[in-house]
Amino acid sequence: MSIDQMLGLITGVLFGFLLQKGRVLRFEKQVGAMLLNDMTIFKFMLSAILVGMVGIALLTDAGIITLSHKPMNLGAVLLGGALFGTGWAVMGFCPGTSIGALGEGRWHALFAVAGMVAGAALYAELFPFIKSTVLAWKDLGKIGLPEVLGVSPWVIIPFFWAGTISLFFWFEKKGL
Amino acid sequence: MKWKTQDGGWSPYLAGALLGLLAIASVYATTEWMGKSNYLGASTTFVRAAGLLERTFAPDRVAANEYFIKEKVRVDWQFMLVLGIFLGALISSATDRSFKLESVPPTWEKRFGPSIGKRAVGAFLGGIVAMVGARMADGCPSGHGLSGMMQLSVSSFVALAMFFSVGVLVAALVYRRRLS
């Protein structure tokens, strides 16, 4: 095993461990969020984002790491996002959680994994067509919120924290 | 705030915050040891898995496919990360006794009955649509939802909003009986 693969495996084991401990791998939790009656996955995800965004901004400022934005390609993000949302609701897993759900015994996730591998093969077949249509519509490039708003990330982060913490209090008040 | 859930899990706030720390450590470690900042993600691995499988019966087709060439069909850092998720979930659930064999989840069963066949078809078709969408949008709830949001990427805010709003709409149509 190369060092890349070893590093990936160790990180993945910890990632899977935390996903399972947070109880977010389950179909019930994912569909529960979409039915708006259980916000566990958002509590988990937003907590990770709150902590992560501070560390990422610090390491970027120190010149230690580089950011890697995904392109803001309008057609891709809007249509792709809508397709993902549709499939996610029916499948009840996302790509990472489907694999984790298998690990905790929810073996019906195997059908979801098979579907996603088939979907990936289908996307590879359709790629030339999608590239000349959906992806060719309008690409705004790899942009971050700080450049767009013309402010430092350190101006955005406190607002994000305040908004998210308020949301957490609201979740707890409503028993979601 | 409780640090443990009733079934022995951890508070999602605590587990999530620890994942935030792991995400930071992971970007740092990949930059140091691989020479490139890698962020947590999962969906590209499904492309590589599809390529590896397809290569066993149609190697020329995979070698000539523009998308497979672009994403490089190989067992890389993220591929091992995704395998690791399986192991980590297995270790965690086996040690706190939350491991449970489940063929049909309760919410699904309430709406579509206990048929494994129906669940299989739903999960498979849902998987196809979701993965086409994830590859088009260039990310899933890991790549966009976690990693993109942490970096304040514009595309990730929009993608996550689309994932969730359309998910809410479709879930209401699929799992709530009295809608039409």
Side-chain angles (χ1 to χ4, degrees), chain A residues 4-5 8-9 11-13 16-18 20-23 27 34 40 43-44 47-49 51-53 55-56 65-67 69-70 72 76-77 80-91 94-96 99-100 103-106 111-112 115-117 119-121 123-124 127 143-145, chain B residues 9-10 12-13 15-17 19-20 23-24 26 31 37 42-43 46-47 50 67 77 80-81 84-86 88-90 92-93 99-102 105 120 123-124 126-138 140-142 149-155 158-159 162-163 166-167 170-171:
Chain A
D4 295 16
Q5 290 172 328
L9 185 66
T11 313
V13 169
F17 189 88
L18 291 173
Q20 207 281 333
K21 282 285 178 262
R23 301 293 192 248
F27 177 97
M34 287 180 265
T40 307
K43 295 175 189 174
F44 178 85
S47 299
I49 293 168
V51 172
M53 67 185 3
I56 303 282
I65 60 164
T66 49
L67 294 182
H69 294 303
K70 291 169 186 296
M72 181 57 220
V77 175
L83 286 172
F84 182 84
T86 306
W88 183 27
V90 177
M91 172 168 55
C94 58
I99 301 290
E104 61 167 4
R106 277 65 179 178
F111 304 117
M116 286 189 283
V117 173
Y123 188 79
F127 186 65
I143 47 176
L145 210 51
Chain B
W10 297 354
Y13 299 115
L19 176 60
I24 299 167
S26 171
T31 311
S37 300
S43 66
F46 287 78
V47 176
Y67 195 61
W77 172 81
M80 295 307 290
L81 179 100
I85 292 176
F86 173 86
L90 180 63
S92 168
S93 63
F99 183 92
K100 188 177 136 221
L101 288 174
E102 176 187 88
F124 188 79
I128 293 179
V129 175
M131 188 48 68
V132 169
R135 289 330 305 152
M136 195 181 278
D138 204 11
C140 59
S142 298
M149 295 286 284
M150 283 178 196
Q151 300 175 65
L152 301 171
S153 302
V154 173
S155 58
V158 181
M162 287 304 290
F163 293 168
V166 176
V170 175

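This is a predicted model, so every value here is computed, not measured. Protein chains get the first letters and strands the later ones, always in sequence-line order, with residue 1 at the start of each.
Here the side chains of A/K70 and B/S153 are not in contact, with every heavy-atom distance at 4.5 Å or above. A 4.5 Å side-chain heavy-atom check between B/P141 and A/F84 finds at least one atom pair inside the cut-off.
Taking the six-membered ring for Trp, A/F111 and B/F124 have ring centres at least 6.0 Å apart.
Between chain A and the residues B/G16, B/G126, B/A23, B/A120, the most heavy-atom pairs under 4.5 angstrom are made by B/G16. No other option in A/G100, A/G55, A/G52 has as many heavy-atom pairs under 4.5 Å with chain B as A/G52. Looking only at heavy-atom pairs under 4.5 Å with chain A, the residue among B/S26, B/A123, B/G9, B/A42 that has the most is B/A123. Note on A/G105, A/A120, A/G96: by heavy-atom pairs under 4.5 Å with chain B, the leading option is A/G105. Per-residue heavy-atom pair counts under 4.5 Å with chain A were compared for B/V154, B/V132, B/D138, B/V158, and the maximum is reached by B/V154. By number of non-hydrogen pairs under 4.5 angstrom with chain B, the leading residue of A/A121, A/A48, A/G144 is A/A48. Of the listed residues (A/A112, A/G22, A/A82, A/A124), the greatest number of heavy-atom pairs within a distance under 4.5 Å of chain B belongs to A/A124. For the set A/G115, A/G85, A/G119, A/A89, the entry with the most heavy-atom pairs within less than 4.5 Å of chain B is A/G115. The residue among B/A17, B/P105, B/S142 with the most heavy atom pairs within less than 4.5 Å of chain A is B/P105.
Nearest heavy-atom pair across B/A137 and A/G81 is CB-N, 4.0 Å. Across every non-hydrogen atom of A/V117 and B/A50, the tightest pair is O-CB, 3.5 Å. Counting all heavy atoms, side chain and backbone alike, B/I24 lies closest to A/V51 at CD1-O, 3.6 Å. Of all heavy-atom pairs between A/V77 and B/M162, the closest is O-CG, 4.1 Å. When all heavy atoms of B/F99 and A/G103 are compared, the closest pair comes out as CE1-O, 3.3 Å. Contact detail for B/A130 and A/M91: the closest heavy-atom pair is CB-CE, 3.5 Å.
For the pair A/K43 (side chain) and B/P12 (backbone), a donor-acceptor distance under 3.5 Å is absent. For the pair B/S43 (side chain) and A/P95 (backbone), a donor-acceptor distance under 3.5 Å is absent. Side-chain N or O atoms of A/T11 include none that pairs as donor or acceptor with a backbone N or O of B/L81 at under 3.5 Å.
In this structure, a donor-acceptor pair under 3.5 Å is present between the side chains of B/S92 and A/K21.
For the atom pair CG (A/L67) and OG (B/S37), the distance works out to 8.0 Å, reported to the nearest 0.5 Å. Rounding to the nearest 0.5 Å gives a distance of 9.5 Å between CD1 of A/I49 and CG of B/L19. Taking OG1 from A/T86 and CZ from B/F163, the interatomic distance works out to 11.5 Å, rounded to the nearest 0.5 Å.
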*Is there a side-chain contact (heavy atoms from CB on, under 4.5 Å) between B/Q151 and A/H69 once you walk through the steps?*
CA-CA 7 Å; B/Q151 300 175 65; A/H69 294 303; 4.2 Å; yes

*Give the C-alpha distance, both sets of side-chain angles, the deciding distance and a yes or no for side-chain contact (heavy atoms from CB on, under 4.5 Å) between B/K100 and A/R106.*
CA-CA 7 Å; B/K100 188 177 136 221; A/R106 277 65 179 178; 3.6 Å; yes

*Full working for side-chain contact (heavy atoms from CB on, under 4.5 Å) between B/V47 and A/Y123*: CA-CA 9 Å; B/V47 176; A/Y123 188 79; 5.9 Å; no

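Proximity to chain B (any heavy atom under 4.5 Å) is restricted, for A/F127, to the side chain, taken from C-beta onward.
Between B/W10 and A/F17, the angle of the ring planes goes over 60°, which puts this pair in the perpendicular group of the 30/60° scheme.
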